[in-house]
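Below: one structure, written as structure tokens.
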Amino acid sequence: MLMEEIIEHKRDGLTLTSEEIHFFIKNYVNGEIPDYQASALLMAIYFKGMSSYEVSILTKEMRDSGEVWDLSDIDGLKVDKHSTGGVGDKVSLVLGPMIASCGAKLAKMSGRGLGHTGGTLDKLESIPGFDIYETKEEFKKQVNEIGMAIIGQNENLDPADKKLYALRDVTATVDSIPLIASSIMSKKLASGADCILLDVKYGSGAFMKTKEEAKKLGDLMSEIGKHLNKDVRYEVTDMNEPLGYAVGNNLEIKEVIKTLHNEGPKDLTELCLNSGAIMLIQSKIYDDYDKAYEALLNNLKNGKAFNKFVEFVKYQKGDISYILDPSKFSVSKYQIPIYAEKNGKIARIDAFAIGKGSMHLGGGREVITDTIDMSAGIVLNKKVGDAVKKGELLCTLYTNKEKVEDIIKEVKEAFIY
Ligand code: URA
């Protein structure tokens, strides 16, 4: 088989065979196929697309390019959840303890933040002592014992995605629905859960800009699930404004704690209740959405979800005194209030601009090697739909940086009246 023929087939809009896809992934990962040929194929896929069958084969080959974790010795069904990425998205940290407190098993690997989006691992690491690196054995033991674990992406998982993603990043082929779907699903499938809930975001802070595109991506990922015998469901959610009020690592952990005390933002709480109800159904703990929703809400009200979070943080060596007393978290040296410059109603809060603003304040990374200031970020005071008067507080910037005039301007422009 020749790589140039595979490129030619896709260029001409043909359906690739499973043998061709196998040949490509195997030989690209082992270095036999050079980047220039892989790039040409990616671009052909970008323009010609792939059938759901082709994407399923691609996903399976990518999954099998590295270790595939077998979690069958954890009792019961294991659920996982993945968000396609947003700003202020701390859902997993609220949702995990909520569903685990109802008996579900969350076995989750998470990533780090890059660019305007934050990462669950970074947020967790803002809790002093928190350990994200565990072996498979420790991971399984923890899920078995307390019902949840969130750890870093194992290095040996899905090497095909690591190589392909880096190549897509520099060849303008990231925003291709078949390539995004196979990238997300291959990693999720390699980490071994039985059921997966996908939160497909759309809007300015998300990969998918419109609801229709997000739905297409969700449909394709659940098709892949069907082909590969996994219960994959998805929800399409709005990322036209940040989720909740807090953006930035320890600022978001404080909001997680509030939400687990049932005093959190409405949009975040609602998304967690909805996602949790679906996951409890996937876990076969409930077969009725309303009953699952009610159980989750009860555990927010009676403290069981919060207690599960404390248990989880303790298990992964985090200092729970911060969870019990969030005023212990470090606070940035500078807190800069931003006030409304006119009367009006907030029509949009550009999530992309807020995410970038938080990153520039020190709360995120421009490149993966940057270090993060755990206390930096932005806390909104207004949400979309709120009326504001000139001079009212819109948000507060938290930073240890001295020169932030450009960031102030950038954040002000994020508020559309
Ligand atoms: N997230 C991923 O893991 N892969 C993509 O291609 C896009 C978002």
Side-chain angles (χ1 to χ4, degrees), residues 21 24-25 28-29 38-39 41-43 45-47 49-50 52 54-56 58-63 65-66 68 80-87 89 91-92 108-122 150-193 196-210 213-225 228 230 232 234-237 239 351-352 355 364-365 368:
I21 296 172
F24 165 57
I25 293 297
Y28 182 56
V29 172
S39 308
L41 181 62
L42 292 175
M43 194 55 89
I45 293 172
Y46 183 95
F47 281 116
M50 278 184 140
S52 73
E54 281 176 295
V55 184
S56 302
L58 176 61
T59 305
K60 181 177 148 307
E61 293 295 337
M62 288 170 71
R63 175 195 72 187
S65 68
V68 179
D80 192 358
K81 176 248 159 203
H82 180 79
S83 154
T84 56
V87 177
D89 186 352
V91 168
S92 298
K108 180 162 173 57
M109 283 182 202
S110 279
R112 297 203 173 276
L114 188 61
H116 72 285
T117 58
T120 300
L121 292 186
D122 300 319
I150 302 179
I151 65 167
Q153 175 92 44
N154 183 281
E155 276 303 299
N156 305 321
L157 243 62
D158 208 342
D161 182 60
K162 287 192 187 75
K163 247 186 124 170
L164 282 172
Y165 196 87
L167 189 62
R168 286 166 59 207
D169 208 21
V170 292
T171 54
T173 50
V174 168
D175 55 345
S176 145
I177 288 183
L179 296 177
I180 295 175
S182 52
S183 163
I184 293 175
M185 290 302 293
S186 56
K187 287 188 291 252
K188 288 283 115 186
L189 295 172
S191 58
I196 300 163
L197 176 66
L198 301 160
D199 178 2
V200 188
K201 306 239 173 253
Y202 70 93
S204 80
F207 267 104
M208 300 290 118
K209 298 300 168 211
T210 66
E213 278 181 324
K215 197 168 171 319
K216 252 195 216 164
L217 178 62
D219 281 339
L220 182 54
M221 292 194 287
S222 45
E223 278 286 305
I224 297 172
L228 301 178
K230 292 272 178 189
V232 178
Y234 76 93
E235 54 192 339
V236 166
T237 66
M239 191 30 78
F352 178 70
R365 302 183 179 82
I368 199 75

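Counting starts at 1 for both ligands and their atoms, in listed order. We number each residue from 1, following the sequence as shown.
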Could you pull out all residues at least two apart from F352 that satisfy ring-ring contact (aromatic ring centres under 6.0 Å, His included)?
H116

How would you list, by chain and number, every residue that makes a side chain to side chain contact (heavy atoms under 4.5 Å, CB included) with K108, sequence neighbours excluded?
D80, S92, L106, S110, I150, K188

Across all chains, not counting sequence neighbours, the side chain to side chain contact (heavy atoms under 4.5 Å, CB included) partners of Y46 are M43, T173, D175, S176

Atom-level proximity to ligand 1, residues with heavy atom under 4.0 Å:
Y165, R168, I180, S183, I184, K187, F207

Would you say K201 and T84 are linked by a side-chain donor-acceptor pair, where the criterion is simply a distance under 3.5 Å?
no

In Å and rounded to the nearest 0.5 Å, what is the OG1 to CG distance from T117 to D89?
9.5 Å

For residues E54 and G49, report the shortest heavy-atom separation together with the two atoms involved.
OE1-O, 4.5 Å

